[in-house]
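A quick write-up on the structure given underneath.
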Amino acid sequence: MVIPTNTRVETLATSGIHQIPKEYIRTQDELTTITNIFDEEKKELGPQVPTIDLNDINSKDPKTRDKCCNELVKAATEWGVMHIVNHGISSDLINRVKDAGERFFDQPVEEKEKYSNDIASGKMQGYGSKLANNACGQLEWEDYFFHLVFPEEKRDLTVWPSTPSDYLPATAEYARQLRALTTKILVVLSLGLGLEEGRLENEVGGLEELILQFKINYYPKCPQPELALGVEAHTDVSALTFILHNMVPGLQLFYDGQWVTAKCVPDSIIMHIGDTLEILSNGKYKSILHRGLVNKEKVRISWAVFCEPPKDKIILKPLPETISKENPPLFPPRTFHQHMEHKLFKKKDDSVEPK
């Protein structure tokens, strides 16, 4: 079965097929590691993604505040990913964001196509089924909706859905609050490197230049989930990534030589350290390899916000304070755009190993 280039995964999933097209079947190496995600999530043994309570991040008591900050820095150093709770963004707002995204994807594919992107012509924002080409030519079992959400003056509201009506106000407010949370996190991570508290924020572009990209990932039910991936193994290029989901498991992290399934933690936001901070910290903070599994029972939806530095204005390289004779620079100087190009064209043959 040959897949037309404009076929949506949702269309395939609802067509009644019992076998997925060959373009979606993963490599033999990957197939040996793909398991039932519901069974994996129930496992209690082995490593578990840390949960960090941010309730005390602004505590007036220095000891209480330091304990919270130290736990966050430890998770960023050892894992590069964590569930954050008591993050200060209300469950009401988060539920509105999720509801708006779900209602957009509940529409017929024909309605969603009105917002379709066109990667070939450089129109990245909008409704699509693949964010980037990969070297092996395989496809991922995922549709998505992608657009810039912050700063406000850089948004293109013509690509934002008009239906449901709450999509714009809920998503815009969530982006504003997440941007404030980003500053708090970057302060802690700066201090964790022995830097002044505003250093990392400045290094990634500050309030004017750091952009927040919003991507709703829609993973339809898959008739052969043991053969497919929703998202193939990768690290995020961002400084930070924040993820909500609809409490259906799917995220796996490659930690200590094995794939670890992230539990579904109520009222949490999953936060990833991205390549940008790994580079600036000279490898102290980890950008962890991760992927998304699919299943045949439930649709999975996740809402990811990628905090990215400007493409060409900043040279990403280990900060001088992170370099010594014992710790030489691990990364060559590159702009963010050059780093993305390097990953896209050079890193697809990398083995599944932590960096």
Side-chain angles (χ1 to χ4, degrees), residues 5-11 96-134 139-140 142-179 182 204-205 207-220 230-231 234 236-244 272 274 276 292 301-313 335-337 339-341 343-344:
T5 54
N6 62 346
T7 299
R8 301 304 178 199
V9 178
E10 180 184 356
T11 301
R96 284 174 58 202
V97 170
K98 289 182 177 182
D99 181 63
E102 287 173 354
R103 285 165 61 198
F104 171 77
F105 272 97
D106 279 345
Q107 297 178 105
V109 169
E110 301 74 45
E111 282 298 308
K112 297 190 283 268
E113 288 291 358
K114 295 175 183 176
Y115 299 95
S116 62
N117 62 7
D118 184 3
I119 303 293
S121 68
K123 185 189 172 192
M124 302 294 287
Q125 298 190 79
Y127 173 61
S129 297
K130 193 144 186 67
L131 201 56
N133 292 317
N134 61 25
L139 298 176
E140 296 161 335
E142 171 206 21
D143 297 329
Y144 64 84
F145 194 81
F146 176 76
H147 58 85
L148 186 150
V149 287
F150 199 88
E152 291 178 28
E153 65 272 13
K154 294 183 180 178
R155 301 183 313 196
D156 178 2
L157 294 181
T158 64
V159 300
W160 292 45
S162 55
T163 303
S165 59
D166 196 36
Y167 185 96
L168 192 156
T171 305
E173 180 58 28
Y174 178 61
R176 280 193 290 273
Q177 293 195 25
L178 206 54
R179 184 61 186 85
T182 299
V204 297
L207 273 177
E208 293 76 27
E209 298 287 351
L210 184 71
I211 63 169
L212 272 57
Q213 308 270 26
F214 186 59
K215 185 174 176 233
I216 307 176
N217 303 295
Y218 184 86
Y219 308 103
V231 178
H234 67 287
D236 289 352
V237 293
S238 59
L240 295 169
T241 303
F242 297 93
I243 302 173
L244 304 171
H272 285 267
T276 296
I301 309 177
S302 68
W303 292 256
V305 175
F306 304 96
C307 306
E308 299 179 353
K311 279 191 172 180
D312 297 305
K313 288 188 178 181
T335 64
F336 184 67
H337 181 70
H339 176 67
M340 287 196 295
E341 293 289 301
K343 288 195 70 164
L344 186 58

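These values consider heavy atoms only, across backbone and side chains, with no hydrogens, waters or symmetry-generated copies.
Asp143 places a side-chain N or O within 3.5 Å of a backbone atom of Val9 that can act as its donor or acceptor partner. Without hydrogens or angle criteria, Lys123 side chain to Ser116 main chain gives a donor-acceptor distance under 3.5 Å. The backbone N or O of Val237 lies less than 3.5 Å from a partner atom in the side chain of Thr276, making a donor-acceptor pair.
Residue Lys311 holds its NZ atom at 7.5 Å from CD1 of Ile211, rounded to the nearest 0.5 Å. A distance of 4.0 Å separates CD in Glu341 from NE2 in His337, rounded to the nearest 0.5 Å. Tyr144 contributes atom OH, which lies 10.0 Å from atom CG of Asn217 (distance to the nearest 0.5 angstrom). The structure places NE2 of His272 at 11.0 Å from CZ of Phe242, a figure rounded to the nearest 0.5 Å. One distance of note links CG of Asp236 with CZ of Phe306; it measures 5.5 Å at 0.5 Å rounding. From Arg179, atom CZ reaches atom CG of Leu210 across 4.5 Å, with rounding to the nearest 0.5 Å.
Gly230 approaches Glu140 most closely through the heavy-atom pair O-CB, 3.1 Å. Residues Leu212 and Ala175 come closest through the heavy atom pair CD2-O, 3.8 Å. For the pair Phe336 and Pro310, the tightest heavy-atom approach, listed with the atom from each and the gap, is CB-O, 3.6 Å. When all heavy atoms are compared, the tightest approach of Thr241 to Ile243 is CG2-CG1, 3.9 Å.
Of the charged side-chain nitrogens involved, at least one lies within less than 4.0 Å of a carboxylate oxygen, so that Arg96 and Asp166 count as a salt-bridged pair. The pair Lys112-Glu10 meets the salt-bridge criterion, with a side-chain N (NZ, NE, NH1 or NH2) lying under 4.0 Å from an Asp/Glu carboxylate O. Classification of Glu142 and Lys215 as a salt-bridged pair holds, one side-chain N sitting under 4.0 Å from a carboxylate O. The existence of a salt bridge linking Glu209 and Lys154 is confirmed by a sub-4.0 Å separation between a basic side-chain nitrogen and an acidic carboxylate oxygen.
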Exercise. Should Cys307 and Phe150 be marked as a side-chain contact (heavy atoms from CB on, under 4.5 Å) after you check the CA-CA gap, both sets of side-chain angles, and the distance that decides it?
Worked result: CA-CA 9 Å; Cys307 306; Phe150 199 88; over 6 Å; no
Problem set entry | Chi angles and distances behind the side-chain contact (heavy atoms from CB on, under 4.5 Å) call for Tyr174, Val305 | CA-CA 10 Å; Tyr174 178 61; Val305 175; 4.0 Å; yes
Problem set entry | Working for side-chain contact (heavy atoms from CB on, under 4.5 Å), residues Met124 and Asn117 | CA-CA 6 Å; Met124 302 294 287; Asn117 62 7; 5.7 Å; no
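Within the 4.5 Å cutoff, side-chain heavy atoms of Glu152 are placed close to those of Arg176. The side-chain heavy atoms of Tyr127 and Val109, taken from C-beta on, include a pair separated by under 4.5 Å. Looking at heavy atoms from C-beta onward, Tyr219 lies in side-chain contact with Val231 at the 4.5 angstrom threshold. For the pair Val97/Glu173, no side-chain contact is recorded, criterion being any heavy-atom separation below 4.5 Å from C-beta on. Residues Ile216 and Ile301 form a side-chain contact, since some pair of their non-hydrogen atoms from C-beta on lies under 4.5 Å apart.
Residues Tyr115 and Ser162 bring a donor and an acceptor atom of their side chains to less than 3.5 Å of each other.
When each of Phe214, Phe104, Trp160 is paired with Phe145, the side-chain contact (heavy atoms from CB on, under 4.5 Å) condition holds for Phe104 and for no other.
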